[in-house]
Amino acid sequence: MFLVGTDTDCGKTTLACALLRAGADAGLRVLPFKPAASGPSGPAGDPERLAAASDLGVTASEICPLRYAEPLAPGIVEDAGAFVGGSQLDVRRDMLQETGSIGHVRKTMESLEATHRPDVTLIEGAGGLWVPMPGGTWLPAWVAGLGGAPVVVGRLGLGGVNHALLTIFALRALGLPPRGFFLVDTHGMPDAARTHNPAVIGAASGLSCLGVMPHAATSTSWLSADAWTRMTAT
Ligand SMILES: Nc1ncnc2c1ncn2[C@@H]1O[C@H](COP(=O)(O)OP(=O)(O)OP(=O)(O)O)[C@@H](O)[C@H]1O
Ligand SMILES: C[C@H](N)[C@H](N)CCCCCC(=O)O
Ligand SMILES: [Mg+2]
């Protein structure tokens with residue numbers, strides 16, 4: 001499955017780490033994968049956090065083939081020029097095009113899968129949905145090209161209804177319908193909207209809320225009972 005954020009810092013890695021541990025507790029082999037990461041390496045880096053949360057014995061460099069030091073969109077760090085001065089984005093045609101970088105990363109992921117034989121591969125995107133990615137591509141092409149079922153991750157709180165619905169409806173318009181959504185309490189600030197948002201997003205989209213992850217969660221009791229089934233059903 002492919003965790004698609006509503007924004008950067010919306011809690012994707014934190015949620016993914018919790019899912020890796022919950023999956024292991026449920027007897028599932030869950031392989032983390034981060035196609036492209038940007039920002040400093042070290043224990044706070046996404047690939048390091050994901051590798052540390054996995055019990056499959058993978059390393060950060062194995063699960064993240066494309067790594068950039070600058071904390072910007074991966075495609076912009078690689079080649080900002082690819083995203084300016086060219087022709088306008090054609091959402092329907094160009095966004096779902098395969099390129100060399102996607103094929104190369106897919107082969108890396110498939111080789112890891114062949115080694116570790118996971119029940120599920122948990123792929124984390126970068127930032128939100130419309131993010132410049134390596135090879136002059138955009139993130140939707142990676143969701144399509146790597147083949148993971150999309151699952152939306154958004155921030156719990158005021159503003160989250162709009163962010164989640166924009167992402168869900170954009171994925172559907174691209175022919176990449178999401179399986180469900182998670183909301184993550186990244187800030188732990190009291191906010192009345194938080195009570196209503198999961199149900200409002202669920203009703204408006206017709207999608208299941210797979211869980212509302214509390215701030216500084218210490219258990220996974222917030223994970224809906226059918227979350228794994230919904231995320232991994234073929
Ligand atoms: N449930 C939570 N409890 C406490 N802190 C959280 C929680 N979720 C996220 N955070 C904090 O919010 C910040 C952003 O979270 P995270 O790194 O998971 O976001 P992200 O969506 O993976 O970002 P990126 O776009 O960089 O990949 C981090 O400092 C993280 O520790
Ligand atoms: C560096 C950061 N932590 C992210 N992984 C990359 C975020 C890219 C966001 C691009 C954008 O929407 O402007
Ligand atoms: Mg992350």
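Atoms within a ligand are numbered from 1 in the order they appear, just like the ligands themselves.
Note on residues 119-132: pairs passing salt bridge (charged side-chain N to carboxylate O under 4.0 Å, His left out), not counting sequence neighbours, are Lys34-Glu124. Annotation: salt bridge (charged side-chain N to carboxylate O under 4.0 Å, His left out) contacts involving residues 180-209, sequence neighbours excluded, comprise Asp185-Arg194. Applying the salt bridge (charged side-chain N to carboxylate O under 4.0 Å, His left out) test to residues at least two apart or on different chains, the pairs with a partner in residues 217-234 are Asp226-Arg230.
At a distance under 4.0 Å, a protein heavy atom can be found next to atom 8 (N) of ligand 1. Using a 4.0 Å threshold on non-hydrogen atoms, atom 28 (C) of ligand 1 does not count as touching the protein.
Any N or O atom pair closer than 3.5 Å counts here, and Cys10 shares at least one such pair with ligand 1. Residue Met213 places no N or O, backbone or side chain, under 3.5 Å from any N or O of ligand 1. Backbone and side-chain nitrogen or oxygen atoms of Asp7 are examined, and none is located within less than 3.5 angstrom of a nitrogen or oxygen of ligand 1. The shortest N or O to N or O distance between Gly125 and ligand 1 is not below 3.5 Å. Between Pro214 and ligand 1, an N or O atom pair is found at a separation short of 3.5 Å.
Below 4.0 Å from some heavy atom of Ala73 lie the following atoms of ligand 2, by number and element: 8 (C), 10 (C). Within the listing of ligand 1, atoms 1 (N), 2 (C), 3 (N), 7 (C) sit less than 4.0 angstrom from a heavy atom of Asp185. For ligand 1, the atoms sitting less than 4.0 Å from at least one non-hydrogen atom of Gly127 are 25 (O), numbered in the order shown with element in parentheses. Near Ala216, with a cut-off below 4.0 Å to any heavy atom, the atoms of ligand 1 are 1 (N), 2 (C), 3 (N), 4 (C). Those atoms of ligand 1 with a heavy atom of Thr8 less than 4.0 angstrom away are 24 (P), 25 (O), 26 (O). When each atom of ligand 2 is checked for a heavy atom of Thr8 under 4.0 Å away, the hits are 2 (C), 3 (N), 4 (C), 7 (C). Residue-ligand proximity, Glu124 to ligand 1, at heavy-atom distances under 4.0 Å covers atoms 22 (O), 27 (O).
Closest to atom 19 (O) of ligand 1, if we only count protein heavy atoms, is Gly11 N, 3.2 Å. Regarding atom 6 (C) of ligand 2, its nearest protein heavy-atom neighbour is Ser38 OG, 3.8 Å. In terms of protein heavy-atom proximity, atom 16 (P) of ligand 1 is nearest to Thr14 OG1, 3.6 Å. The closest protein non-hydrogen atom to atom 9 (C) of ligand 2 is Val131 CG2, 4.4 Å. Protein heavy atom in closest approach to atom 14 (C) of ligand 1: Asp9 OD1, 3.6 Å.
A centroid separation of 6.0 Å or more is found between the aromatic rings of Phe2 and Trp142.
Contacts of Lys34 with ligand 1, taken as heavy-atom pairs under 4.0 Å, involve the side chain alone. Within the 4.0 Å heavy-atom criterion, the part of Arg49 lying near ligand 1 is the side chain and not the backbone. Of the heavy atoms in Val184, only side-chain atoms (C-beta onward) come closer than 4.0 Å to ligand 1.
Each of Ile63, Val58, Leu31 was scored for a side-chain contact (heavy atoms from CB on, under 4.5 Å) with Leu50, with one residue passing: Ile63.
When all heavy atoms of Gly125 and Lys12 are compared, the pair lying nearest together is O-CE, 4.0 Å.
With waters neither drawn nor counted, the protein N/O/S atoms under 2.8 Å from the Mg ion (ligand 3) amount to 3.
Atom CZ of Arg29 is separated from atom CG of Asp55 by 7.5 Å, given to the nearest 0.5 angstrom. How far CD of Glu62 is from OG1 of Thr108: 11.0 Å, rounded to the nearest 0.5 Å. Separation of atoms CD (Glu48) and SG (Cys64) is listed at 8.5 Å; rounding is to 0.5 Å. Here the straight-line distance linking atom CG of Leu156 with atom OG1 of Thr186 works out to 8.0 Å at 0.5 Å rounding.
Between Glu110 and Arg106 there is a salt bridge, since at least one side-chain N of the basic residue sits less than 4.0 Å from a carboxylate O of the acidic one.
At a cut-off of 3.5 Å, with distance as the only test, a side-chain donor of Arg49 or Thr14 sits close to an acceptor on the other residue.
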